[in-house]
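Each ligand, and each atom within it, is numbered from 1 in the order the structure gives.
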Amino acid sequence: MQKYGGTSVADPDRIKAVAEHVAFTKRHGNDVVVVVSAMGKTTDNLMSLANQVSSTHPGREMDMLLTTGERISMALLCMALADIGVDAVSMTGSQVGIITDTVHTKAKIVEVKGDRLREALGHGRVVVVAGFQGVSTDKEITTLGRGGSDTTAVALAAALSADVCEIYTDVTGVFSADPRIVPQARKLQHLSFEEMLEMAGVGSKVLALRSVEFARNHNVPLHVRSSFTWEHGTWVRNVEGESNMEDPIISGVVQDASESKVTIFAVPDRPGVSAAIFEPLANANVNVDMIVQNTSREGHTDISFTVPKADMKVAEEIVTRVSKEIGAGGVTHDTDIAKISLVGAGMKTSPGIAAKMFRVLAENEVNIQMISTSTIRVSVVVALGKMELAVRSLHTAFGLDSGSAYSAPLPERK
Ligand code: ADP
Ligand code: ASP
Ligand code: MG
C-alpha cells in the first residue's frame with residue numbers, strides 16, 4: 001500500500017515520478033495498491049469555489065464537489081503508469097467498496113469490501129484508489145474529513161492485510177516538531193501507535209488521527225517517508241518486547257492552529273447546564289476539544305472550549321441559542337489561538353514535565369489561556385502570534401534540537 005499526498009502529485013512531473021516509483025515497486029514482485037490525494041491545492045481551491053457561490057454548503061453537494069479532486073489524480077496517475085507499461089486501473093472509494101456512515105464531509109468508515117480491488121490485483125494490475133472518499137450506507141458519496149486519504153490507505157491496507165502502509169509525503173518522516181517551524185527538529189526512527197495517536201490527536205497533521213486509530217486497531221505498520229528523496233522514513237508500529245525504560249520522555253512538540261476558542265460568560269451554575277451546551281454540539285457532530293470551567297462566584301461561572309475553525313459557524317449558532325435559553329451573560333469567540341502540546345510515553349514516569357513547560361513559556365512571555373493533560377501529553381492554548389516562539393523554545397528547552405538544520409527540500413505547501 002502506497003499513499004501519495006497532495007504535494008507528491010502536485011504537477012505532471014511529480015505524477016510521473018510517482019508512476020516510476022510504483023512501477024519500480026511492482027517490478028520487484030509486489031502487488032501494489034496506491035491511494036492518491038488531490039493535486040496540490042485542489043481541495044482548498046474547490047472549497048473556495050464553494051464559498052464564492054454559497055454560504056450554506058450543503059454537505060451532500062460539498063462531498064460531490066470535493067471528491068472530484070482525488071478523481072483527477074487517480075486518472076492521471078493511471079495514464080502515466082500505462083505510458084511506462086504498467087497495467088493499472090483507477091477506482092473511486094465507492095468502487096472499491098469503502099462504506100461509510102451518513103455524516104457528510106466527515107464520514108467514518110464502517111466497512112471495507114474491496115472485492116473489485118482483490119479481483120484487479122488477481123489479474124496482476126496495479127490499483128489506484130481515490131483517497132478521502134467513500135459511499136454511505138444511504139448510497140451517497142461522502143468524504144472522510146481533511147487529510148482523509150491517510151485513512152483510506154490504512155483502511156485498505158488493513159482490509160487486504162498489506163505488509164506495510166507507506167505514507168509518502170513532502171517531509172522525510174515524523175519529526176520531533178514540524179520541520180517547517182523547527183528546522184532543528186530530529187527525525188524519529190520509530191514511534192509507537194500510542195505516541196503517534198497522541199501526536200495526531202493534538203493536531204500534528206503529518207498523519208490523520210483516524211488513520212492512526214485504524215492502524216493501531218488492525219496492527220498495520222506505517223512507514224512515513226518522502227516522495228521527494230525516497231529515503232527511509234519513520235516507522236509507526238508496536239515492537240514486541242520493547243522496554244518502557246527506553247521510551248523517550250518527550251518525543252515531540254506539536255502545534256495546531258486549526259481551532260478557535262469559544263467562551264460563554266456568566267453561566268448559571270446549576271446541574272444540567274454543561275449538558276445543555278455540549279449535547280447539541282455533539283448532535284451536530286462538532287468536535288469539542290479542550291473545555292475549561294471556572295469555579296463559580298455568586299452562582300455564575302465562565303465556560304471556555306475549543307472547536308475546529310471549520311465547525312465554528314455551526315457551533316456559534318448553537319451556543320448563541322443555548323446561552324440565551326440557559327440565561328448566560330453572552331458568548332465571545334477568539335480565532336487567534338494555537339494549541340501547543342508536548343507528547344512522550346516516558347512522561348508517565350517523569351513528574352514535573354508540565355511545570356517545566358509552563359516555566360519555559362513564562363520565560364518567553366507566552367501567556368497560557370487553557371491547559372489539558374493526559375498520561376503522555378500536556379497541551380496549552382496560547383495566542384496564535386506566539387505559536388512559533390512557543391514551539392521552538394520548548395523544543396530547545398526539552399533537549400530535542402538535533403544540532404543540524406533540516407536538509408531535504410521543503411516544497412511550498414498547498
Ligand atoms: P500530505 O499532503 O502528504 O498528506 P500533509 O500536509 O498532510 O501532507 O502532512 C505533511 C506535513 O506535516 C509536512 O509538510 C509538515 O509541515 C507537517 N508536519 C507537522 N508536524 C510534523 C512532524 N512532527 N513531523 C513531520 N511533519 C510534520
Ligand atoms: N485532499 C484532501 C485534503 O486536502 C484529503 C487528503 O489530502 O488527504 O484534505
Ligand atoms: Mg495529509
Quick one: does M199's side chain get under 4.5 Å of R377's, heavy atoms only?
no
Closer than 4.0 Å to some heavy atom of E70 - which atoms of ligand 2 meet that?
1 (N), 2 (C), 5 (C)
Let me confirm one number: the NZ-OG1 distance from K3 to T152, rounded to the nearest 0.5 Å.
9.0 Å
Does the N or O separation between R146 and ligand 2 drop below 3.5 Å for any pair?
yes
Does even one non-hydrogen atom of S204 get within less than 4.0 Å of ligand 1?
yes
Proximal ligand 1 atoms for V206, defined as those under 4.0 Å from one of its heavy atoms
9 (O), 12 (O), 25 (C), 26 (N), 27 (C)
Show your working on salt bridge (charged side-chain N to carboxylate O under 4.0 Å, His left out) between K108 and E213 and close with a plain yes or no.
CA-CA 12 Å; K108 287 200 172 103; E213 285 171 354; over 6 Å; no
Have Q184 and H395 got a donor and an acceptor in their side chains that come within less than 3.5 Å?
no
Would you mind listing which atoms of ligand 1 come within a distance below 4.0 Å of any non-hydrogen atom of T169?
1 (P), 3 (O), 8 (O), 9 (O), 10 (C)
Please determine, by modelled atom types, if T100 and T142 share a side-chain donor-acceptor pair under 3.5 angstrom.
yes
Can you list the atoms of ligand 1 that are under 4.0 Å from a heavy atom of G173?
24 (N), 25 (C)
For D87, is the CG atom crowded, meaning more than 12 foreign heavy atoms sit under 6.0 Å from it?
yes
Yes or no: does G131 have any heavy atom under 4.0 Å from an atom of ligand 2?
no
T43-ligand 2 polar pair, N/O distance under 3.5 Å:
yes
Under 4.0 Å to a heavy atom of K3 - the qualifying atoms of ligand 1, by number:
4 (O)
Sub-4.0 Å heavy-atom contact, S37 with ligand 1:
no
Enumerated ligand 2 atoms positioned under 4.0 Å from heavy atoms of S37
6 (C), 7 (O), 8 (O)
With heavy atoms under 4.0 Å as the rule, classify the contact between P179 and ligand 1 as side chain, backbone, both or neither.
side chain
Has ligand 1 got any nitrogen or oxygen that is less than 3.5 angstrom from a nitrogen or oxygen of D178?
yes
Test of proximity, R180 against ligand 1: N or O pairs below 3.5 Å:
yes
Listed by chain and number, what are the side chain to side chain contact (heavy atoms under 4.5 Å, CB included) partners of N283, not counting sequence neighbours?
none
Quiz item: cation-pi between R14 and F228, 6.0 Å / 45°
yes
Could you tell me the separation between the NZ atom of K313 and the CD1 atom of I318, rounded to the nearest 0.5 Å?
12.0 Å
G6 near ligand 1 by a heavy-atom separation under 4.0 Å
yes
Just verifying a value: how many Å separate I109 CD1 and L156 CG, rounded to the nearest 0.5 Å?
7.5 Å
Examine the proximity of ligand 1 to V171 and report which part, side chain or backbone, both or neither, has a heavy atom under 4.0 Å away.
side chain
Yes or no: does G5 have any heavy atom under 4.0 Å from an atom of ligand 2?
no
Take K106 and D311 through the salt bridge (charged side-chain N to carboxylate O under 4.0 Å, His left out) test and state the conclusion after the steps.
CA-CA 11 Å; K106 44 183 158 181; D311 289 343; 3.1 Å; yes
Please check whether G6 reaches ligand 2 - meaning an N/O of the residue sits under 3.5 Å from an N/O of the ligand, judged on distance alone.
no
